[in-house]
Amino acid sequence: MVPPVTRLGRSNLKRSNRLVLLIGVFLAIVAFVGIALILNGGGGGSAQPTVATTLSTVVATRDIPLGIAIKADMLKTVDRKIDNERKSGAFANPELVIGQITRRPITSGAQVEAADFETGPGISQLEVPAGMRAIAVSVDQISGVGTVIKTGDYVDMLVALTGQQFPVVQVDPQTDVISVVQGVNSTSVKLLLQGMQVIGTLLPAPTTVQADASPGGDNGQPVTTLTEQSEIVILAVTAQQAEVIQFAKTDGLITLTLRSAKDFVDDNGQPIVSEAAGTTGVILKTLIDGGYGVIRPELIEAILPTK
């Protein structure tokens, strides 16, 4: 016979049912919240990565002129907003630019970017220093150091005058008639101008060929083709230097020699005027009498055999 259910027993059963129901509702809520967090990327897994709004940027701490090798104390690193403050070509690490030669002036506080060191074949902007003049000189691979002269470099100019422009002449004392002395070497060479800065170059696209397989070279590496490729080198010069260069272009043969950038800066990286080297110029007599070891030709007498 089943014992009758007491009122107290029915009350405990109702409380147990409510507790189970509450626990079920609670677990359902927890599950819902968990699913929502997972769908939003915020629960159970890795946190949503934070998108950077600033980036380290290299800026100049002082004015850096054209043709200067970058030093560490010329730079500092600051944060700049990516969307509206930082240039796309700016450097983030100063180590990437230390030692590079500036191919255009950099103003103090300006961001240091790749364009400051580019040496493309064209000229988009030409800045002539105050008080100077810009003049163009045409050179080739032989007279222009392989046509590797770049904006910001420093060059010297050699001029050669040959017999056609610079003949040796004599004057007849009786008639005052001037005549050219034949058979005399009248070539004269002189380092006329020194320490001129290049402010622009115009160079056609380089021509390369694939090197043939040989024991003396790396197979497949591009090599420079020796052609008559020319380069226009634009120099910043004084008015007097412009006159000398024009005369040399008209009646002489011009060769540019490339100088070290270190000759034109002090220990603090400030531009200086390099001291000019004293040269004597060269003619054939200089090579013979000037200690260069060139032997003077002599007449050789030979007895021809008789028949």
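Counting begins at 1 with the first residue of the sequence.
- Using a 4.5 Å cut-off on side-chain heavy atoms (C-beta onward), Val112 and Val59 make no contact.
- From Thr102, atom OG1 reaches atom CZ of Arg104 across 10.5 Å, with rounding to the nearest 0.5 Å.
- Counting heavy-atom neighbours within 6.0 Å of Leu55 CG, excluding the residue itself, gives a total above 12.
- Counting heavy atoms from C-beta outward, Ile64 and Ile70 have side chains that approach closer than 4.5 Å.
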Show your working on salt bridge (charged side-chain N to carboxylate O under 4.0 Å, His left out) between Arg62 and Asp73 and close with a plain yes or no. CA-CA 9 Å; Arg62 45 168 265 198; Asp73 60 359; 5.3 Å; no

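- Put simply, the side chain of Leu235 reaches to within 4.5 Å of the side chain of Val155, judged on heavy atoms.
- The side-chain heavy atoms of Pro271 and Pro65, taken from C-beta on, include a pair separated by under 4.5 Å.
- For the residue pair Arg80/Ser56, the side-chain donor-acceptor check at 3.5 Å is not satisfied.
- Within 6.0 Å of CD on Glu127 lie no more than 12 heavy atoms contributed by other residues, nucleotides or ligands.
- Scanning both residues, Phe117 and Val97, for their nearest heavy atoms gives CE1-CG1, 3.8 Å.
- Remark: the backbone N or O of Ala69 is not paired with any side-chain donor or acceptor of Lys71 at under 3.5 angstrom.
- Proximity of a side-chain donor or acceptor of Asp156 to a complementary backbone N or O of Gly195 within less than 3.5 Å is detected.
- If you check the side chains of Asp263 and Ser260, you find no donor sitting under 3.5 Å from an acceptor.
- Minimum interatomic distance between Ala134 and Val128 (heavy atoms only, all atoms of both residues): CB-CG2, 3.8 Å.
- In this structure, the side chain of Asn268 does not engage the main chain of Gln270 through any donor-acceptor pair within 3.5 Å.
- Note that the CG atom of Leu256 and the CD1 atom of Ile254 stand 7.0 Å from one another [nearest 0.5 Å].
- A 4.5 Å side-chain heavy-atom check between Ile68 and Met74 finds at least one atom pair inside the cut-off.
- Here the OG1 atom belonging to Thr238 is positioned 9.5 Å from the CE atom belonging to Met196, to the nearest 0.5 angstrom.
- Formation of a donor-acceptor pair under 3.5 Å by the Asp63 side chain with backbone atoms of Ser108 is found in this model.
- In terms of heavy atoms, Thr151 sits closest to Gly200 at OG1-CA, 3.4 Å.
- The environment of Asn84 atom CG is dense: over 12 non-hydrogen atoms of other residues, nucleotides or ligands sit within 6.0 angstrom.
- Taking each heavy atom of Thr107 and Ala60 in turn, the nearest pair found is O-CB, 3.8 Å.
- Of the inter-residue distances, the one linking Thr201 atom OG1 with Asp153 atom CG reads 9.0 Å to the nearest 0.5 angstrom.
- More than 12 heavy-atom neighbours from other residues, nucleotides or ligands sit within 6.0 angstrom of CD1 on Ile272.
- With hydrogens and angles disregarded, a donor-acceptor distance shorter than 3.5 Å links the side chain of Thr250 to the backbone of Gln246.
- Separating the CD1 atom in Ile232 from the CD1 atom in Ile149 is a distance of 11.5 Å, to the nearest 0.5 Å.
- Inter-residue side-chain proximity for Ile135 and Ile234 is flagged as unmet; no heavy-atom pair is nearer than 4.5 Å.
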Thr147 vs Gln229, side chain to side chain donor-acceptor pair (under 3.5 Å): CA-CA, chis, key distance, verdict: CA-CA 8 Å; Thr147 61; Gln229 174 177 274; 3.3 Å; yes

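- Between Glu118 and Lys150 there is no salt bridge, since no side-chain nitrogen of the basic residue lies less than 4.0 Å from a carboxylate oxygen of the acidic one.
- A pairwise comparison of heavy atoms in Gln111 and Ala90 identifies OE1-CB, 3.5 Å as the closest pair.
- A donor atom on one side chain and an acceptor atom on the other are found under 3.5 Å apart for Lys190 and Thr279.
- Rounding to the nearest 0.5 Å gives a distance of 11.5 Å between CG of Asp267 and NZ of Lys262.
- Residues Leu202 and Glu231 are not in side-chain contact: their nearest non-hydrogen atoms beyond the backbone lie 4.5 Å or more apart.
- Residues Val58 and Ala92 come closest through the heavy atom pair CG2-C, 3.8 Å.
- Residues forming a side chain to side chain donor-acceptor pair (under 3.5 Å) with Arg86 (at least two apart in sequence, or on another chain): Thr57.
- Considering only heavy atoms from C-beta on, Leu66 comes within 4.5 Å of Ile199 through its side chain.
- Residues Arg103 and Asp116 are not paired through a salt bridge, judged by the lack of any N-O separation under 4.0 Å between the basic side chain and the carboxylate.
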